Amino acid sequence: MSVAEAIFYLLGGLAIGSAVLAISAPNPVASLLFVVLAFFALAGLFVTLDAHFLAAIQILVYAGAILVLFLFVIMLLNLGSALPREWLAPPPVLILATAAGAAFLLVLFFVGYRGLSVAAPLPGALPAAAPAVSGTTEAVGLALFRDFLLPFEVTSLLLLVAMVGAVVLAKRER
Amino acid sequence: MLPYVWLVPALPLAGFLVNGLLGRRLGKGVVALVGPGVVGAAFALAVAIFLALLRLPAHERLYELDLFRWIPSGDLQITAGLQVDPLSTVMMLVVTGVGFLIHVYSVGYMREDPAFWRFFAYLNLFTFAMLVLVLANGFALMFVGWEGVGLCSYLLIGFWYEEKINCDAGKKAFVVNRVGDFAFLVGMFLIFERLGTLDFTDAFAAAPERLAMGGAAAFWIALLLFIGATGKSAQLPLHVWLPDAMQGPTPVSALIHAATMVTAGVYMIARAHVLYLLAPAALGIVAVVGALTALFAATIGLVQTDIKRVLAYSTISQLGYMFLGVGVAAFDTGIFHLVTHAFFKALLFLGAGRVIHALPHEQDMRKMGGLKAKLPVTFATMFVATLTISGIPPLAGFFSKDEILWAAWAAGRNALWVIGFVAAGLTALYMFRLLYLTFYGEPRARRLYDHAHEPPASMRIPLIILAVLSAVAGWIGITHAIGNPLGHVPNLLHEWLEPVFAGAEPLRAPATAETASLAAEYGLMAASVAVALLGIGLATYFYRRRPELPARIAATFPAAHRLLERKYYVDEIYGALVVRPYLALCAFCWRIVDEILIDGFVVKAVGGAVGFYSRVVARLQTGLVQNYAAAFFVGVVLLLGWYLLR
Amino acid sequence: MAAPFPWLSLVLWLPAVGAALVLALPAQAHLAIRRVTLAVTLLGFAFSIPLFTLFRNGVAGMQFEERGDWIPAFGISYHVGIDGISLLLVLLTTLLLPMCVLASWTYITKRVKEFHILLLVLATGMIGVFAALDMFVFYVFWELMLIPMYFLIGIWGGRERIYASVKFFLYTFVGSLLMLVAILVFFFQYRALTGNVSYDLLDWYGVSLPAATQALLFLAFFLAFAIKVPMFPFHTWLPDAHVQAPTAGSVILAAVLLKMGTYGFVRFAMPLFPDATLRFLPWLLALSVIAIVYGAMVATVQPNVKKLVAYSSVSHLGFVTLGLFVLNAQGIQGGVLQMVNHGLSTGALFLLVGMLYERRHTYEIADFGGLARPMPVFATLFMIVTLSSIGLPGLNGFVGEFLVLIGAFRAHPGYAVPATAGVILAAVYMLWMYQRVMFNGVTREENRDVPDLDRRELAILVPIAVLIVWLGVYPKPFLDKIEPAVQTLVERMESAPGFAEAPSARPAALASPGRR
Amino acid sequence: MVPVSHYLTLSAILFAVGVLGVLTRRNAIIVFLAVEIMLSAVNLAFVALSRASGNLDGQVMVFFTITVAAAEAAVGLAIIVAMFRRRETVDIASFNVLKG
Amino acid sequence: MQDAAAPLALPVPDLAAILPLLALSAAGLLALVADLFARGTTHEDELRGRPLLAFWIAVAGIVGTLLLIGRQATDLGRFGGRSFNGMFVVDGFGLFFDAIFLVGTLLVVLMTVEYARRERFHMGEYYFLLLMATAGMMLMAQSTNLVMIFLGLELLSIAVYVLAGFERGRQRSVEAALKYFLLGAFSTGFFLYGIALLYGATGSMDLAVIAERGGALRPGSPGGGLLLAGLVLLLVGFAFKVAVVPFHMWSPDVYEGAPTVVTAFMAAGVKAGGFAAFVRVFLGTFETHADLWGPLVALLAVATMLVGNLAAIAQSNLKRLLAYSSIAHAGYLLVALIAHNALGASSFLFYLLAYTFMTLGAFGVVIALGRRGEPSDRIEDLAGLGSRHPLLAAAMAVFMFSLAGIPPTAGFVGKFYIFSAAVDAGYAWLAVVMALASVISVYYYLKVTVAMYMWDAPATAGRPAPHGLLLAAVALAVLGVFQMGVYPGPLIDLASRSVGGIVGAGVTALP
């Protein structure tokens, strides 16, 4: 096992583990913190994929801003403890949901990764000749402002809408 | 003269329109003038046509008047037209002649009725329809008259429609007739299918070459038409409507249910004799049914107490004779009896009508008696008629009935002769019973008796004329066995009708020599007179000498008496086997098939299923987000999985 | 050449224009609304008379044709025209409309304006169905008339009106939509065969589809038409609809709407799918005969006059379909004539029953009895119509039935004989009903002083009675009009490849040796 | 070098975990958090595939995804707050006035 | 792609292409700002039915955008083509959709005045969000890159989440918003995943590139499985947006709970927006894979038509009924999609426009029924409308019959069109299923007319007195329904021309 692989498995295991804990922790705050942990692990994985800019964004924006917003809301609404009747869903639901999730993985694997045919090569081998790309801030920035100019501008509208929307929804009634 | 033949039916039609549309406003006087007037005029015209025809050579006595193309459709071309030949002329004369007398009689009989105008409208319409029937140039147009008379019969039986029993009787008549008409229609279809035409002349010309002698097609055509005739002419097994039809006003019974309409079947067979001669088996059935009907009805007539019902069964019986006549291929003889019967039976009915009229609306003979003194003219005329029907020479009935019996014998149908012979005796018996019960003895219901009075002249004169005709009409058809010794008195009717039936002569099976001997003819003649006298004697014994005897006999044989009294339970059998099962089946179709099977199991079930699944689908919509997400997710898995399973 | 005067379009669109006129009137001006509607419908009838008089007899093909582009992309054009068959049905429609208006004069008292607008829209829809020569146009009209009828039943109907109207709508709609799909399939088949894009019926007549396709498409058409006719066992909407509908609705339903089904067979299903018609012939004939007998039997035991007449329609329409499916001149001609006859006699029956209802507010037979005494004129007209309905010779019903049966007999005696028995059954139920309504003694005091017909009602009924007699005595002018169209159809059916071998075709030995 | 398929498998598992969270938790905020896990899982796939494809489109897409996530978070949390104001709970099982 | 040598050579934006979009966005921003300044002085006015300044800005914005679109459409030679690095396209197909969105939004805006007057919720933000959502739809219709489609979708969705919860004082409204939001975010995950897999399979998110590189990919070939899985997940995302069974379950609840004007907007606009991208992706890009997705979508279409129509029968709430009806109509539209030919695409456009008119009209009538505090959206509330307000009732009847597909209405011609496409493509059986589903649907459409005309009005029911602008909107819808039903020729021609470039090769166009 190479170092890269070791890092991958470590971070991957951390991401899955904290994600599982996040969705099973009764306390929302704990849940949230596990998600933050998972996002850190993901940021690490981004780094292993040479997506440095995104790794930073993942931590700064996603974990740092968005999830903190969640935390604010939890605190604001004083929801820092589990719902009265809930820890997790009742076992039958849990089993069924897990089964469905497993089924999803299975079909996704067979349809997507194996392409309905066992003999098909895995996508890992796909871009044999692909040049290595590096997600530096400069590269991503160039792509954003040149190739993806219009989408970038659209996000401005999107954020404005979200802002206005949040105000409309959350302000106290007259 | 002949081209004006269309006026013969047109006149009564005009009378119908005038009386029917304006009758209520015109008043009884005008109606009484118009109603009989048009028929009288038609009669006069008919006589003129008869004379015109007479002037022609015997074999040119055929006149066809095409009126208009009625139903042109592809190779079916039906032209409405009138056909005047000796046969239809005879019928035309009878219909208009007897019809006129009965119209006149009705003026008196119906005088008190508020719906006087309606009565004459119907009567005129009937005359029109009957004339269409007899003058029609083809089966289709004949069917118009055929059903038209049925309609008038229906309307007139139920003339006093406020009594349910009258309406029931009318309806029964119509429906039973329709059963016959159904067969008639099918017969017509078969004729068209085989012969390609419904025109009489064409059809009869084509028949010998297109229809195999004795073949199935000819048999079925003949049989189906005959079933039609059994309906109209009240033969077994479709006779049930006629006794009930006596609910109508008595002139109606006389005109429609005795003299004219009911004989239409006989006329039709005579008209279609070519077809019948091609189907000897069918003709045999006609004869057998006729003979059986004659006997069957006569036995019932023995015990009926309603004066008109006795006459009704008598009519059925006499019609049976006519069918026996035509059934043994003696078509002219059948027509002969038809003519004489028209006279004497009309007379009997009119007489009975006078009796009923005199005792307001009492028809039960057990409440009559001794009316001879009160109603002398009626009695006298009815007496003549009774003798005639009993077959006492030289009255008309003797000649015609005897000729039929002789024809049956001559055709080798001895069994049928025996039946007819017995029926002749019974006829004399029940007719004299009627006469005795009505006119002789002590009045059994004094109150009614006191009320009785002779009606007006308008009702008297037709009686007298008919009585005369009943007496002498037989002389137009004196059989050669009698005519020859008397100095070759010609058989006028036979000769007159000869051109009509002559064409079919080659089809006739040759009469066997030994049965056709003159000696036999005389012997049988004597026998039938004897049996008639025997019948009269028995009647006299039972109802004059020993009036208590019939009741004792009835008590001795209660089952037999009851059987006759209940008319062999035919109505009951029909009720149990046809009417009630039919209604039950109808109800079944409605309640079970329609409402439960189709509407319930299919329509409502589909609706119910839709409603059910609708509620199921709606209930799946629980309102819980996670259920929605789960459905979503399962959907995703299924969509992806679908490609694996494909 | 100057374009001929568009009589047909005039007759077709006049009612719609009339509807717009009525729309402009104030809702409270009942009398004005009625008068305008009456005038429009009378005018419509007047304009349809030239159709009859200018119609050239003995000419095969369509007359009064008009054509204009509508949706060119799909090959859809406004193409109308009539032959003898449609001519009679158009005339029947225009004739009955003023009568319906008159019959509603006092019957309809609520929402008068809406009623008359719907009636006029319905008129255009019905005439359109008979005049359309483009399948799309036909379908549009076919469905268009559904809506006004639905409202007529649903708003002005009896107690169960909503159930009945929805049932009516759904039933009809099921068949219609499948027919629409079939029309489209035909369109694409036609395009594949000829390369042309057209919904024109006359174009479609020119192609012959493979037998298997024909069978499927025929079934779709059959369902639509069989429901409309209605043929057994698709008839159960009819009694409900009839019983609940107001008089005018019943009249139009019976007289015209049902004819759309039978007309559909003649105009579309049979000529477009001759092979399939032949293939299903035994079924079609059997269903027709069952309808005749079954309808009559169920009618016999109905306690409700309108229901009785409704079931009698099932029976009568059985004669029509029987006639159409025997595929010979007599049968089809008789069937077509019987459509008209049924329109007149059953239309008149519903008018009569409606008049009774206005007087007594009931349809139950048991509530009547003895009405002939207070209403002699009514009784007379009722009797004429009754007799027409049971096919008395000399009246119109006979001619049609006779032709149908004689045609049926020469082709399929086995079906014709039980069908002929329907003649008996008709007498049973009609006369029994007549007796219980008009005859017998008066058992209810309310029936003693029922007023007889007034002038308005006479004006409705007498023309029908006259026509009943006319068609019975001298149907030739009408038969002459139908003849070429029927001949065309018969030839088309006989030229179908399956005609000779069809299980139903007559054995050669039995073929008529007549004047053919 | 870790093959891209490993990343993709990891991403799929994370996605499934997120789905599981949505399906099993009744706390609206935790459900929403589970959705965020799903989005992040997809992000991982994007980045991995970006590497595999040899272009940056996938990474740019992640950038947009995060932006969208932020916008959604703002609106979504506002909705949850509004709901809480009316019902004093964030239990989504209790929000079932609308059904059928 | 990245050229390090020219780091600052930013592309010159092709503003002419996005001018309509800019105009609409500008109008939205203007409305937001105008409301900020106008609030307080005119608020009482709009309660009296006098529309706010923001309203007029919105109307002007929509009409102006329509004009700009018209200008582009009439001169496609000049304006047509892709721009912004292949992100955005101006073509007949997209413009047709834009027109549908704008007409729908215009009608919604007109209807809002009445609703706002009654429910006192008139504010600039509303118009802003509405116009932004419309902009999102236009982006979806005109995007040729999955990134753009995603962003358009989100722009639309987020705006509509807010709009659904706009009446935050009403629990139902907020519940609707919450449900819509949670499920929407959930489905976004799948949608994104789908994009990722497609990206993995082809290395691009550009539709043209995907079509080019993915055209030959089949399950079994390298990347074929990814493509297929991505396609399915993308399908799921779209299916959710347009409410296709089994991804439809949000829609009845949300439609019922949301403010009626917003419901109308969702039923017409959001669905149309979702379909715009759906059609472009599946007919344009993945036409070559129709053998793969066709049967699957057919299955979904059948389920959607049946479930939608069946469930609608059981409803007593009009909004909910219309929600199920709109689910069923999504099924009908899928049939047009499945036909995957030019006829199918053009019938799709035609039907969608027809659907916009009839469904918006129906919601307009529902709005007209209400009174302050009483939504009056049950079927019973329609009782006797035929006599209470004949014109409104007649309009509603027209919409119902059109939805049911009865001539001479737009709905009929549309169904006829779709049937044609299905039959032409060999999917006659699907047309039959659709026909049967329509029969089921007739039952509940009739139920509405029954209530209006055949039930007696309750004594308490008054005569609705809707605002003139609402009536105008309804009248416009009626006009549209009849125009498309009676004289559809020109629109059919337009629709046929509009789909010219969209459908993949190998399709027979109707001559």
Side-chain angles (χ1 to χ4, degrees), chain B residues 71-74 581-646, chain E residues 175 178-183 185-187 189-190 193-194 219 225 228-233 235-237 239-240 244-254 256-257 292-293 295-297 299-300 303 306-316 320-321 323-324 327 436 439-441 443-444:
Chain B
I71 306 181
S73 172
Y582 175 70
L583 287 178
L585 191 59
C586 291
F588 174 82
C589 284
W590 179 34
R591 292 296 188 191
I592 308 293
V593 180
D594 230 55
E595 293 197 334
I596 295 181
L597 287 181
I598 299 177
D599 239 16
F601 283 180
V602 182
V603 178
K604 288 216 177 74
V606 169
V610 167
F612 175 75
Y613 286 110
S614 156
R615 282 189 299 278
V616 167
V617 173
R619 198 161 303 158
L620 286 178
Q621 195 81 23
T622 52
L624 298 175
V625 178
Q626 270 160 332
N627 289 359
Y628 299 176
F632 184 111
F633 190 53
V634 169
V636 173
V637 173
L638 288 180
L639 288 195
L640 281 169
W642 187 76
Y643 284 103
L644 291 181
L645 299 174
R646 203 159 60 118
Chain E
E175 183 177 326
L178 182 65
K179 283 180 171 174
Y180 191 25
F181 167 73
L182 282 178
L183 289 167
F186 187 60
S187 95
F190 288 89
Y193 208 158
L228 180 60
L231 198 132
V232 170
L233 291 178
L235 174 69
V236 167
F240 173 83
V244 165
V245 175
F247 313 105
H248 68 289
M249 300 190 85
W250 59 276
S251 77
D253 289 8
V254 175
E256 185 184 345
L292 282 178
W293 57 259
L296 193 68
V297 178
L299 222 64
L300 291 181
L306 289 181
V307 168
N309 283 324
L310 279 175
I313 285 184
Q315 302 309 321
S316 59
R320 212 173 172 82
L321 184 146
Y324 281 113
I327 291 174
L436 293 178
V439 174
I440 300 177
S441 78
Y443 181 78
Y444 58 84

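The model shown is predicted, which means the values in this text are computed figures rather than measured ones. Computation of the quantities below employed the complete heavy-atom set of this structure, encompassing side-chain atoms and omitting hydrogens, waters and symmetry-equivalent molecules. Labels below follow one simple rule: chain letters A, B, ... track the order of the sequence lines, proteins then strands, and each chain is numbered from 1.
Contacts with chain B were tallied for E/Ala311, E/Ala312, E/Ala239; E/Ala311 has the most, counting heavy-atom pairs under 4.5 Å. Each of B/Ala618, B/Gly623, B/Gly611, B/Gly607 has some count of heavy-atom pairs under 4.5 Å with chain E, and the biggest count is that of B/Gly623. Taking chain E as the reference chain and counting heavy-atom pairs below 4.5 Å, the highest number among B/Leu638, B/Val636, B/Val616 is found for B/Val636.
Proximity to chain B (any heavy atom under 4.5 Å) is restricted, for E/Leu235, to the side chain, taken from C-beta onward. With a threshold of 4.5 angstrom between heavy atoms, E/Leu233 approaches chain B through side-chain atoms but not through N, CA, C or O. Only the side chain of E/Ile440 comes within contact range of chain B, judged by heavy atoms closer than 4.5 Å.
Side chains of B/Trp642 and E/Leu296 form a contact here, defined as non-hydrogen atoms less than 4.5 Å apart. E/Asp253 has its side chain within reach of B/Tyr628: a pair of non-hydrogen atoms, C-beta onward, lies under 4.5 Å apart. When side chains are defined from C-beta on, E/Phe247 counts as touching B/Leu639, because their heavy atoms get closer than 4.5 Å. At least one side-chain heavy atom of B/Tyr643 sits less than 4.5 Å from a side-chain heavy atom of E/Leu292.
One distance of note links CD of B/Gln621 with CZ of E/Arg320; it measures 5.5 Å at 0.5 Å rounding.
A pairwise comparison of heavy atoms in E/Lys179 and B/Val625 identifies CG-CG2, 3.4 Å as the closest pair. Listed here is the closest heavy atom pair of B/Gly635 and E/Pro246: CA-CG, 3.7 Å.
Under a cut-off of 6.0 angstrom, the local environment of OH in B/Tyr613 is sparse, with at most 12 non-hydrogen atoms contributed by other residues, nucleotides or ligands.
Applying the ring pair (Phe, Tyr, Trp, His ring centres under 6.0 Å) criterion to E/Tyr324, with sequence neighbours excluded, gives no partner residue. Not counting sequence neighbours, the partners of E/Phe186 by the ring pair (Phe, Tyr, Trp, His ring centres under 6.0 Å) test are B/Phe632, E/Phe190.
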